[in-house]
Amino acid sequence: MRFIPAYIRHSLSALLIAGSALGMSAQDGTSAYSFLNVTSSAKVYGLGGVNISLVDEDITVTEQNPALLGGELSNMIALNYMHYLGGSNFAGLRYGHSAGEHGAWSAAIRYFGYGSMKEALPDGTIIGTFSPKDVAFGGSYSHDFTDRLRGGIALNALYSAYADYTAFALSTDLGLNYYDADRDLSLSVVLANMGGQIKRFNDHYDRLPFDIRLGWSQSFGTFPIRFSITAWNLTKWKLPYYETGDGTSENGTGLKESFGSNLFRHLVFGVDLISSPNYYIALGYNYKTRTDMSTYSRSFLSGFSLGGGLKLKSVGIGLALAQPHTGATTFMFNLSLNINEIIN
């Protein structure tokens, strides 16, 4: 019988996602399916990797919060690609459409490939290679309760294949968004990644990374900058991490779990330029990403991310970059198409 190490059986993707520019758990993660927290939006990636309150004419941002989906995004389709750490490559496709006067729906598929890995017997003998992957098939629906309040639900079927091991799970996101167009004020709450495994890898049950998130986005007057703060990992206050100093001695090492550290590891900050509907520039800072990468080989840019995009008639292009670790630059690309503008 072939042997797959426990870290693969239990949560290969969780470890590969860990400590990324998206701020996944590297030192405190206890759940599998962490790929669910990887955004498919270049704009969100540029804003720090997590943003549930960004009201924008971009169908990709709705995967963060189903309540951001609306009839204004009808007949929009988007393709995303991400070159991730190591040999990982992610891709996806999303389409949205209106559903009556006050509703909208979307459908999406996302693929997460982690490259080629060695496969070994219990005695360590290498017997070949395998290519682990996760696939998410999803759909979402949103409804306008008032002219400012919208709710949404997203359902995802999750398939994982790691060598001879496969698993299947279901996840659900619930979201609310309040948007005041006069003040360009957006407030959101999301219950993310609820659900569980239907088919396990083995006898061990891997839980989904359930999370509660709060978000605020707003611009002020004619100032062409929109500010965003997203609070996440709110199911637990303590998010300790180990600071390893410069790697040359034990000086500065130790467990960090002060009030300030815990507070900022829950927050993601972002600003984006909104002076024109034809382009944007986004900058984000994720303190959790930076502290998860708290080793001597951490990049100076760890925790920061940068994005930008253009809209050319009916076509939108988005790009984002981050370097969570020295020598590990991540890149994301979005291509969106507004079918309505082509028809009209």
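We count residues from 1, following the sequence as given.
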Point to revise | Check: Met82 and Tyr45 side chains under 4.5 Å, non-hydrogen atoms | key: yes
Exercise for review: Verify side chain to side chain contact (heavy atoms under 4.5 Å, CB included) between Leu36 and Ser171, making sure each step is shown before the conclusion.
Suggested key: CA-CA 9 Å; Leu36 289 172; Ser171 73; 4.3 Å; yes
Exercise for review: Report yes if some heavy atom in the side chain of Thr172 is under 4.5 Å from a heavy atom in the side chain of Ile153; otherwise report no.
Suggested key: yes
Exercise for review: Just say parallel, tilted or perpendicular for the rings of Phe333 and Phe331, cut-offs at 30° and 60°.
Suggested key: parallel
Exercise for review: Give me the ring orientation class for Phe201 and Tyr162: parallel if the planes are under 30° apart, tilted from 30 to 60°, perpendicular past 60°.
Suggested key: parallel
Point to revise | Rounded distance (nearest 0.5 Å) linking atom CG of Leu68 with atom CD1 of Ile59 | key: 10.0 Å
Exercise for review: Count the heavy atoms of every other residue, nucleotide or ligand shown that sit under 6.0 Å from NZ of Lys199, and state whether that count exceeds 12.
Suggested key: yes
Point to revise | Donor-acceptor contact present, side-chain Asn338 to main-chain Ser336, <3.5 Å | key: no
Practice item. May I ask you to decide if Asn193's main-chain N or O and Asp173's side chain share a donor-acceptor pair within less than 3.5 Å? Key: yes
Practice item. Given side chain to side chain contact (heavy atoms under 4.5 Å, CB included), test Asp56 with Lys43 step by step and report yes or no. Key: CA-CA 10 Å; Asp56 204 84; Lys43 191 164 191 177; 2.8 Å; yes
Review point. Of all heavy-atom pairs between Gly46 and Ala320, which one has the smallest distance, and what is that distance?
Key: N-CB, 4.0 Å
Check your understanding: Quick check: does any side chain N or O of Arg226 sit under 3.5 Å from a backbone N or O of Ser219, one acting as donor and the other as acceptor?
Key -> no
Check your understanding: Is a side-chain donor or acceptor of Ser188 paired with a backbone partner of Ile52 at a separation under 3.5 angstrom?
Key -> yes
Exercise for review: Return the minimal non-hydrogen interatomic distance between Tyr205 and Gly195, and the atom names on each side.
Suggested key: OH-O, 4.2 Å
Check your understanding: Between Thr330 and Ala322, is there a donor-acceptor pair closer than 3.5 Å when you use the side chain of the first and the backbone of the second?
Key -> yes
Review point. Heavy-atom count around Glu57 CD within 6.0 Å, excluding the residue itself: above 12?
Key: no
Exercise for review: Carefully, step by step, assess Asn233 and Lys288 under the rule side chain to side chain contact (heavy atoms under 4.5 Å, CB included).
Suggested key: CA-CA 10 Å; Asn233 289 311; Lys288 187 174 186 300; 3.7 Å; yes
Practice item. Kindly give the heavy-atom pair with the smallest separation between Tyr33 and Ser160, and that separation in Å. Key: CE2-OG, 3.7 Å
**Study point:** Criterion side chain to side chain contact (heavy atoms under 4.5 Å, CB included) on Ile77 and Leu93, from CA distance to verdict
**Key:** CA-CA 7 Å; Ile77 188 169; Leu93 183 69; 4.0 Å; yes
**Study point:** Heavy-atom donor-acceptor pair, Asn286 side chain to Gly48 backbone, under 3.5 Å
**Key:** yes
Review point. Going hydrophobic residue to hydrophobic residue with side-chain gaps under 4.5 angstrom, can you get from Val190 over to Leu214?
Key: no
Practice item. Measure from the side-chain N and O atoms of Gln197 to the backbone N and O of Asp206, and report whether any donor-acceptor pair falls under 3.5 Å. Key: yes
Check your understanding: For the residue pair Tyr285 and Tyr287, does the interplanar ring angle fall in the parallel (under 30°), tilted (30 to 60°) or perpendicular (over 60°) class?
Key -> tilted
Practice item. Taking all non-hydrogen atoms of both residues into account, name the closest pair between Val271 and Ile225 and its distance. Key: CB-CG2, 4.0 Å
Point to revise | Point-to-point distance, once rounded to the nearest 0.5 Å, from CZ of Phe90 to CZ of Phe112 | key: 6.5 Å
Practice item. Could you grab the distance from atom CZ of Phe220 to atom CG of Leu185, nearest 0.5 Å is fine? Key: 8.5 Å
**Study point:** Expected output: side-chain Asn262 to main-chain Leu239 donor-acceptor under 3.5 Å
**Key:** yes
Review point. Are Leu47 and Ile281 grouped together when hydrophobic residues (ILVMFWY) are joined by side-chain heavy atoms under 4.5 angstrom apart?
Key: no
Exercise for review: Enter the distance from Asp180:CG to Asp147:CG here, rounded to the nearest 0.5 Å.
Suggested key: 9.0 Å
Check your understanding: With a 4.5 Å limit on heavy-atom distance, are the side chains of Asp134 and Tyr114 in contact?
Key -> yes
Point to revise | Any side-chain donor near an acceptor of the partner, Thr60 and Ser40, under 3.5 Å | key: no
Check your understanding: Is there side-chain contact between Phe264 and Phe259, with heavy atoms separated by less than 4.5 Å?
Key -> no
Check your understanding: Once you round to the nearest 0.5 Å, how far does OG of Ser228 lie from CG of Leu283?
Key -> 11.5 Å
Exercise for review: State the OG-CG distance between Ser217 and Asn51, to the nearest 0.5 angstrom.
Suggested key: 4.5 Å
Practice item. Count the heavy atoms belonging to other residues, nucleotides or ligands that lie under 6.0 Å from OH of Tyr81, then report whether that count exceeds 12. Key: yes
**Study point:** Ile317 vs Leu335 side-chain heavy atoms within contact, under 4.5 Å
**Key:** yes
Point to revise | Close side-chain approach of Ile274 to Asp184, heavy-atom, < 4.5 Å | key: yes
Review point. Tyr95 vs His97 aromatic rings, parallel, tilted or perpendicular, using cut-offs 30° and 60°?
Key: tilted
**Study point:** Same cluster (ILVMFWY, side-chain, under 4.5 Å), Phe168 and Tyr165
**Key:** no
Exercise for review: For residues Ser275 and Pro224, report the shortest heavy-atom separation together with the two atoms involved.
Suggested key: CB-CB, 3.7 Å
Point to revise | Sidechain-backbone polar pair: Asn177 side chain, Leu69 backbone, donor-acceptor under 3.5 Å | key: no
Practice item. Evaluate the side-chain proximity of Thr62 to Arg94: yes if any heavy-atom separation is below 4.5 Å, no if none is. Key: yes
**Study point:** Hydrophobic cluster identity match, Ile212 and Leu174, side-chain contacts under 4.5 Å
**Key:** yes
**Study point:** Within-4.5 Å side-chain heavy-atom neighbours: Leu158 and Leu208
**Key:** yes
Point to revise | Joint hydrophobic cluster, Tyr178 plus Leu191, side-chain heavy atoms closer than 4.5 Å | key: yes
Point to revise | Minimal non-hydrogen separation, Pro66 against Ser140, with atom names | key: CB-CB, 4.2 Å
Check your understanding: Is there a donor-acceptor contact under 3.5 Å linking the side chains of Asn65 and Ser53?
Key -> no
